[in-house]
Amino acid sequence: MSADHDPLHQNSAPIVTEPVPDLQLQLLVRLIGQDAKAALPVTLTVGGSFLHGDLISHEAWTTGWADSLHGVDGPGAQLLERFPQQVDEVVEDRQGRHTPRRLPQWIHLRDATGVAGAGGPVVMPLWRGRLTDVSGWSLGRPK
C-alpha cells in the first residue's frame with residue numbers, strides 16, 4: 001500500500017472537537033425550568049469530581065442568588081441588589097426576545113455538595129455550571 005492511500009500517513013488538518021452537552025440532561029434542565037418551585041436530586045460528574053444537589057430552574061437560582069447578594073456588606077454592596085436582574089436583561093437583549101427558545105446551556109443546583117478525591121466535601125448553597133462541562137449524571141444523590 002502506498003503512502004498516498006494509507007490514512008495513517010496522509011497529511012490532514014488537526015481535528016478540533018468541542019464539548020457537547022448531553023441532550024437528555026438539557027431536556028431535563030428545560031423541564032425543571034418550567035416550574036420555579038420544582039427540584040430534583042441529581043449527581044453530576046464535573047471535571048472528574050462528583051457533585052450532587054437539587055437541580056433547580058434558572059429562575060429559582062436567580063432568586064436565591066439575589067437573596068444571597070442582599071447579605072453582602074461593605075462599600076458598594078447596594079449596587080449588587082439588582083445585579084441578577086441586570087444580567088438576565090443583558091442576556092435577553094443579546095439573544096433577542098422573539099427568537100425560538102434554545103436548549104439550556106447552564107445547569108443550576110441548590111444545596112450542592114462537591115466530592116473530589118481524599119479531600120472533604122465542599123458544600124455550596126447555590127451552584128451554576130456549563131452543561132458542556134458535565135461528563136456524566138444520574139438521578140438521585142449518592143448513598
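We number each residue from 1, following the sequence as shown. Atoms considered below: every heavy atom in the structure, side chains included; atoms not considered: hydrogens, waters and symmetry mates.
Contact check for L109 versus L44: side-chain heavy atoms found under the 4.5 Å cut-off.
The structure places NE2 of H58 at 9.0 Å from CH2 of W65, a figure rounded to the nearest 0.5 Å. Here the CH2-CZ distance, from W127 to R110, works out to 15.0 Å after rounding to the nearest 0.5 Å. Separating the CG atom in L28 from the CG atom in L139 is a distance of 6.5 Å, to the nearest 0.5 Å.
Residues L131 and P21 share a closest heavy-atom pair of CB-CB, 3.8 Å. When all heavy atoms of D111 and R141 are compared, the closest pair comes out as O-NH1, 3.7 Å. The nearest pair of heavy atoms linking S57 to G33 is CB-CA, 3.7 Å. Listed here is the closest heavy atom pair of H52 and V115: NE2-CG2, 4.4 Å. Of all heavy-atom pairs between L103 and R30, the closest is CD2-NH1, 3.6 Å. What you find for P41 and D54 is that their closest heavy atoms are CA-OD1, 3.8 Å.
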### Query
Can you list the steps and then say if L40 with I32 is a side-chain contact (heavy atoms from CB on, under 4.5 Å)?
CA-CA 8 Å; L40 186 66; I32 291 293; 4.0 Å; yes
### Task
List the steps, then state whether side-chain contact (heavy atoms from CB on, under 4.5 Å) holds for L51 with V42.
CA-CA 8 Å; L51 178 68; V42 295; over 6 Å; no
### Task
Mind running side-chain contact (heavy atoms from CB on, under 4.5 Å) on T45 and F50 for me, showing each step along the way?
CA-CA 5 Å; T45 305; F50 289 107; 3.7 Å; yes
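A distance-only check finds a donor-acceptor pair linking the side chain of T43 to the backbone of G140 [under 3.5 Å].
Remark: E59 CD is loosely packed, at most 12 non-hydrogen atoms of other residues, nucleotides or ligands lying under 6.0 Å away. Residue R130 qualifies as open at atom CZ: its count of foreign heavy atoms under 6.0 Å is 12 or below.
Applying side-chain contact (heavy atoms from CB on, under 4.5 Å) to V29 and the options I107, D22, V134 leaves one that passes, I107.
Relative to the six-membered ring of W61, R128 meets both conditions, a distance below 6.0 Å and an angle of at most 45° to the axis.
Hydrophobic clustering (side-chain heavy atoms under 4.5 Å, transitive across Ile, Leu, Val, Met, Phe, Trp, Tyr) keeps L27 apart from I56.
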